[in-house]
Amino acid sequence: MTGPRPAPDAVPAGAVPVTAGAESAGRLFAAVDIGASSGRVILGRITDDTGNPGVSLETVRRFPNGVVKSGGGLRWDFEALFAEVLNGLAAAARAAAARGARITSIGIDTWAVDYGLVNDAGELVAQPYSYRDERSRAAVAQVHERLDPARLYGTTGLQFLDFNTIYQLAAEPDLDGLQALLIPDLIAFLLTGVRRTEATNASTTGLFDAVAGEWATEFLTALDLPQDLFPPLVQPGEAVGNLLPAIAARTGLPEQTPVVAVGSHDTASAVAAVPAETGDFAYISSGTWSLVGVELQHPVLTEASRLANFTNERGVDGTIRYLRNVGGLWLLSECQRTWAAQGLTLSLSQLLDGAAALPSGGPRINADDPAFTAPENMPERIRAAVRHTGANLADQATAIVRCILDSLAAGYARTIRDAERLADRSIDVVHIVGGGSQNRLLCQLTANATGKQVIAGPVEATALGNVLVQARAAGELAGGLAELRKIVAGGTALERYEPVASSSAPSTPAGTGRSAMNRGR
């Protein structure tokens, strides 16, 4: 697969230029939001119909994403993925033209950790490996022989995951003449020809200094990695570059359309859109994975934090996302995939209703055990994990679903308690954003397990954060994260769940759970 030649490195990363006299109503922002299983291109517009700003979102294209077995491992079909990004941008251009509007900028967010290798000619030399491939596991010992884990954590503040970028790179046979571009940066490069690394995603590599906010070049040296392995850093809100002529022609967008760095790690964008009213909140970005933590101004680099495997990742505006990965709804979606292949026709709502009717206190698993990282026959692997604890789990879909959700809620509660202790914070409320915020049983079980109020929503937190950062960069919005979050809170239907003690939990809002639908506050 080939790509454009890189633009001269002298292209600056600065604020998005705002056209003088442009009408806000005619300005749209394109958010390219890609997860591990699907992607979307969304048009966002800042609204002000009632005197209070809000955000309107419209999905113009959805497309699948996933790993394929290729070249002896699990890889992303990046060629197909990028083709879908172009199709999505073309759909966005048509939608904008139909309403007499223009696309002011494009922002890209994806999952973290993974990268593509690009040569001097700007060519992607192979399809990027997926973090679900096992090749990096063997490189862990090799890295730790040269860099003590305590030293790594003391600089990067990054939790240990055996698929972190640092271990993946150590597994590469030859990096001479190549540059690593994280997935959102690779997409931006193919759109603009400009190579940059966005800081929130850089902080997930294991090669980023959590205090200095720069590359930890001494680690590159220690691992015999090239000093210029990654492009220069860019911050959320800074421009990467304008569309290449060929890309503009392919999509129907003007050549001067800028690609703007947002929180390109999708969790960074999601946390930017948490509708928190104070700073004393915990967040759960719930999707394929669950990212559970608090927002800080400074990293926590203590030995206790390392042993608890908490991570210090960058957020929008230089904040620290102090969090831990917990297993996510990947467990449920993989079970559904297996059951569908076996002919089971129960819908998700039927599964959740059946799970809610079961009593509490059933068996649980460690939802973030690496044993659940890979696909294939998830129900049996969950039952085997339960048997390993000395308990038994019925071979019944609803029982397995209840086990998954009980286990996730318990993991959320444990992680939030640890975050409070390690960061010396007291948490008043838990915000669940992303797809998991629609799972009412999971939300209620989380309230019960944490003993705290849970506020669920928005579902589209990642896209909202993406658009809000673009809009602020374009001058349509002002202020810090608190001001952006007020916009989200004021225009989002939020559900609130109070903790209760009961033998079961409702899958729909009910009086026993004191769940209620609220607009904004």
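These numbers come from a predicted model, not from an experiment. Residue numbers count from 1 along this sequence. Note: hydrogens, waters and symmetry copies are ignored here, and every other heavy atom, side chains too, is used.
- Here the closest non-hydrogen pair linking G328 and S290 is CA-OG, 3.5 Å.
- In the model, Y322 has a side-chain atom that pairs as donor or acceptor with a side-chain atom of S305 under 3.5 Å.
- Classified by interplanar angle (parallel below 30°, tilted 30° to 60°, perpendicular above 60°), the ring pair Y167/H144 is perpendicular.
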Walk me through whether M378 and I404 qualify under side-chain contact (heavy atoms from CB on, under 4.5 Å). CA-CA 11 Å; M378 190 65 72; I404 290 171; 5.9 Å; no
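- Among pairs with a residue in residues 165-187, those fulfilling salt bridge (Lys or Arg N to Asp or Glu O under 4.0 Å) read R135-E172, at least two apart in sequence or across chains.
- Checking side-chain atoms of N309 against main-chain N and O of R324 turns up no donor-acceptor pair under 3.5 Å.
- Aromatic ring pairs are classed by plane angle as parallel below 30°, tilted from 30° to 60° and perpendicular above 60°; the pair F281 and Y283 is tilted.
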Please determine whether side-chain contact (heavy atoms from CB on, under 4.5 Å) holds for the pair F78 and L190, giving the CA-CA distance in whole Å, both sets of side-chain angles, and the decisive distance to 0.1 Å. CA-CA 12 Å; F78 187 81; L190 294 176; 3.4 Å; yes
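- N448 contributes atom CG, which lies 11.0 Å from atom SG of C443 (distance to the nearest 0.5 angstrom).
- Heavy atoms only, all atoms of each residue included: G44 and L57 are closest at CA-CD2, 3.9 Å.
- Residues passing the side chain to side chain contact (heavy atoms under 4.5 Å, CB included) test with E84, sequence neighbours excluded: R61, F63, N87.
- A donor-acceptor contact shorter than 3.5 Å links the side chain of W330 to the backbone of F372.
- In this structure, the side chain to side chain contact (heavy atoms under 4.5 Å, CB included) partners of A461, at least two apart in sequence or on a different chain, are A270, A273, V433, P458.
- A salt bridge (charged side-chain N to carboxylate O under 4.0 Å, His left out) with E295 is found for one member of R314, R321, R485 and no other, namely R485.
- A donor-acceptor pair is defined here as one N or O able to donate and one able to accept, closer than 3.5 Å; such a pair exists between the side chain of T278 and the backbone of D280.
- Evaluation of the ring pair (Phe, Tyr, Trp, His ring centres under 6.0 Å) test over residues 192-226, restricted to residues two or more places apart or in two chains, returns W215-F230.
- Looking at every heavy atom in both residues, Y115 comes nearest to V113 through CD2-O, 3.8 Å.
- More than 12 non-hydrogen atoms from other residues, nucleotides or ligands lie less than 6.0 angstrom from CD of E483.
- When all heavy atoms are compared, the tightest approach of V294 to A419 is CG1-CB, 4.3 Å.
- Listed by chain and residue number, Q127 satisfy the side-chain hydrogen bond (donor to acceptor under 3.5 Å, both in side chains) test with D77 (two or more places apart in sequence, or in another chain).
- Formation of a donor-acceptor pair under 3.5 Å by the T197 side chain with backbone atoms of P231 is found in this model.
- With hydrogens and angles ignored, the 3.5 Å screen pairs a side-chain donor or acceptor of N312 with a backbone N or O of G157.
- Remark: the backbone N or O of G263 is paired with a side-chain donor or acceptor of S269 at under 3.5 angstrom.
- Listed by first and then second residue, the side-chain hydrogen bond (donor to acceptor under 3.5 Å, both in side chains) pairs involving residues 456-466 are R40-E460, D109-N466, N466-Q470 (not counting sequence neighbours).
- Between the CD atom of E277 and the CD1 atom of I455 there is a distance of 6.5 Å, given to the nearest 0.5 Å.
- Residues satisfying the side-chain hydrogen bond (donor to acceptor under 3.5 Å, both in side chains) criterion with E303, sequence neighbours excluded, are R306.
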If you apply the rule side-chain contact (heavy atoms from CB on, under 4.5 Å), what do you find for I187 with F82, and how did you get there? CA-CA 7 Å; I187 295 171; F82 186 67; 4.3 Å; yes
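- Residues satisfying the ring-ring contact (aromatic ring centres under 6.0 Å, His included) test with H298, not counting sequence neighbours, are none.
- Of the possible donor and acceptor atoms, one in the side chain of E420 sits under 3.5 Å from a partner among the backbone N and O of I427.
- The CD1 atom of I365 sits 5.5 Å away from atom CG of L331, with the distance rounded to the nearest 0.5 Å.
- The closest donor-acceptor contact from the side chain of S407 to the backbone of A367 lies at 3.5 Å or more, if one exists at all.
- With S130 contributing its side chain and R132 its backbone, the two residues share a donor-acceptor pair below 3.5 Å.
- Note that the CG atom of L329 and the SG atom of C335 stand 11.0 Å from one another [nearest 0.5 Å].
- Legend: side-chain hydrogen bond (donor to acceptor under 3.5 Å, both in side chains) pairs involving residues 426-438, not counting sequence neighbours: none detected.
- For the pair L89/V32, a side-chain contact is recorded, criterion being any heavy-atom separation below 4.5 Å from C-beta on.
- Applying the ring-ring contact (aromatic ring centres under 6.0 Å, His included) test to Y153 and every residue at least two apart in sequence or in another chain returns nothing.
- Between T288 and S37, the shortest heavy-atom distance links the atoms OG1-OG, 4.5 Å.
- Applying the side chain to side chain contact (heavy atoms under 4.5 Å, CB included) test to D228 and every residue at least two apart in sequence or in another chain returns P226.
- Note that OG1 of T205 is 7.5 Å distant from CG of L158, once rounded to the nearest 0.5 Å.
- Qualifying side chain to side chain contact (heavy atoms under 4.5 Å, CB included) partners for T221, counting only residues two or more places apart in sequence or in other chains: Q227.
- Contact record, L323 with N325: CD1-OD1, 3.8 Å, taken as the closest heavy-atom pair.
- From D133, atom CG reaches atom OG1 of T373 across 12.0 Å, with rounding to the nearest 0.5 Å.
- Not a single donor-acceptor pair under 3.5 Å links the side chain of Q168 to the backbone N or O of D162.
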